[in-house]
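Both ligands and their constituent atoms are indexed starting at 1 by order of listing.
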Amino acid sequence: MNILVAGGAGYIGSHICVELLEAGHDVVVIDDFSNSRPEVLDYIKEITGKAVKFYEFNILDEAKTKQVFAENKLDAIIHCAAFKAVGESVVKPIEYYMNNLTTTLIMAKMMRDYEVKSIVFSSSATVYGDPETVPLTEDCKLGETTNPYGTSKAMMERILMDVAHAYPQMSVSLLRYFNPIGAHESGLIGENPKGIPNNLMPYIMKVAIGELPELGVFGNDYDTPDGTGVRDYIHVVDLAKGHVLAIEKYATPGVHICNLGTGKGYSVLDIVNAFELVNNIKIPYVIKDRRPGDIATCYADPTRAKEELDWVAEKTLDDMCRDTWNFAKKHLKDD
Ligand code: UFG
């Protein structure tokens with residue numbers, strides 16, 4: 001198939017490109033490098049031996065987006081072009097809603113106008129809000145989102161569901177990611193956020209390379225086994241493989257909703273300890289106040305992914321820690 005990956009130079013998008021190319025698909029990428037780097041495209045080629053067809057611009061530029069759809073006969077879209085920093089979204093709600101919602105609307109319009117049958121959307125477990133019970137199944141009710149980023153994800157889901165309803169020939173897949181971490185085992189692509197990281201693993205990485213002195217652990221008084229927040233960390237390569245399967249198995253028209261998580265919860269201190277043990281590096285940390293908007297525990301029930309996509313996360317927490325460090329050594333040290 002010929003598949004457009006919107007945001008294909010980003011952390012998750014680049015891993016999706018690799019898995020699609022390795023599965024024999026052709027890949028078209030649109031990315032504006034707002035949170036990614038051009039060399040990622042070379043790395044994708046180095047890993048797979050194949051190149052993506054690349055366009056550099058923001059999808060908000062509707063005329064250029066139209067041109068891509070006119071030039072390429074696309075079979076499916078994977079939409080992972082979005083702003084994603086929770087804290088930044090609170091101070092820049094207009095930019096977040098403008099970018100995330102408008103690009104989704106433009107994608108949907110192009111699908112309709114150019115008769116593209118399916119879209120796989122990067123959604124997030126954030127749409128469940130503060131869960132009443134865990135593990136989270138896809139039937140759990142959606143919760144209050146606590147920041148414009150999370151709200152934009154919930155709204156994008158809603159937009160795509162309404163589009164699927166209006167155009168019943170379309171397949172809309174909403175993949176709800178839990179906490180993607182890790183990097184490709186080659187160490188060539190991974191997460192390399194600009195500035196001070198918000199998320200746990202990128203922060204640990206920067207402490208490990210000596211760029212930041214210590215990790216702040218946001219609260220140790222949650223109702224969890226060691227008092228720190230528990231999340232479902234999933235290796236980004238497992239996550240990317242889930243997209244290839246979704247393209248293949250969710251081809252039937254309608255809305256398909258699926259969690260991508262491992263079903264296991266690890267605390268912040270579990271992650272610190274695993275990273276230290278696997279990589280033999282000390283990660284100094286201090287306990288800080290809780291971060292506003294954080295929840296105690298969040299992990300997936302991945303049953304549906306197994307049943308419908310024949311997908312299970314294969315990589316372990318040790319793999320995630322080892323691959324993260326392998327990537328950091330190669331890339332972050334010389335930045
Ligand atoms: N944490 C720290 N110190 C840090 C960063 C994080 O202790 O410097 C803790 C958090 O308090 C939380 C855990 O590490 O307990 C994970 O935090 P992340 O910021 O890595 O991830 P979140 O679970 O807060 O959010 C992630 C994604 C969101 C997504 C959400 C879905 O960043 O995009 O999962 O559940 F919406």
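Residues meeting the side-chain hydrogen bond (donor to acceptor under 3.5 Å, both in side chains) test with Thr48, sequence neighbours left out: none. The side-chain contact (heavy atoms from CB on, under 4.5 Å) search around Val236 returns Tyr11, Ile12, His15, not counting sequence neighbours.
Here the heavy atom of the protein found nearest to atom 9 (C) of ligand 1 is Val268 CG2, 3.6 Å. Considering only non-hydrogen protein atoms, atom 33 (O) of ligand 1 sits nearest to Tyr149 OH, 3.1 Å.
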Salt bridge (Lys or Arg N to Asp or Glu O under 4.0 Å) for Lys50 and Asp26? Distances and angles first, verdict last. CA-CA 9 Å; Lys50 296 177 197 164; Asp26 293 320; over 6 Å; no
Candidate pair Lys84 and Asn35, rule side chain to side chain contact (heavy atoms under 4.5 Å, CB included), full reasoning: CA-CA 9 Å; Lys84 63 165 190 174; Asn35 192 25; 3.9 Å; yes
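If you take CG on Asp31 and CG on Leu41, they are separated by 7.5 Å, rounding to the nearest 0.5 Å.
Nearest residue to atom 17 (O) of ligand 1 from Arg231, Met201, Lys84, Arg291 is Arg291 (criterion: closest heavy atom). The residue from Tyr299, Tyr177, Phe218 that puts a heavy atom closest to atom 1 (N) of ligand 1 is Phe218.
Remark: aromatic rings of Phe33 and Phe54 are close, center separation under 6.0 Å.
Geometrically, ligand 1 and Asn179 share a nitrogen or oxygen pair separated by less than 3.5 Å. Below 3.5 Å of separation, one finds no N or O of Ala125 facing any N or O of ligand 1. Close N/O approach between Leu200 and ligand 1 is found [any backbone or side-chain N/O within under 3.5 Å]. Among the atoms of Asn199, some N or O lies under 3.5 angstrom from an N or O of ligand 1. Inclusion of Ser124 in the set of residues having an N or O under 3.5 Å from an N or O of ligand 1 is not warranted.
Using modelled atom types, no side-chain atom of Thr224 and backbone atom of Gly229 make a donor-acceptor pair closer than 3.5 Å.
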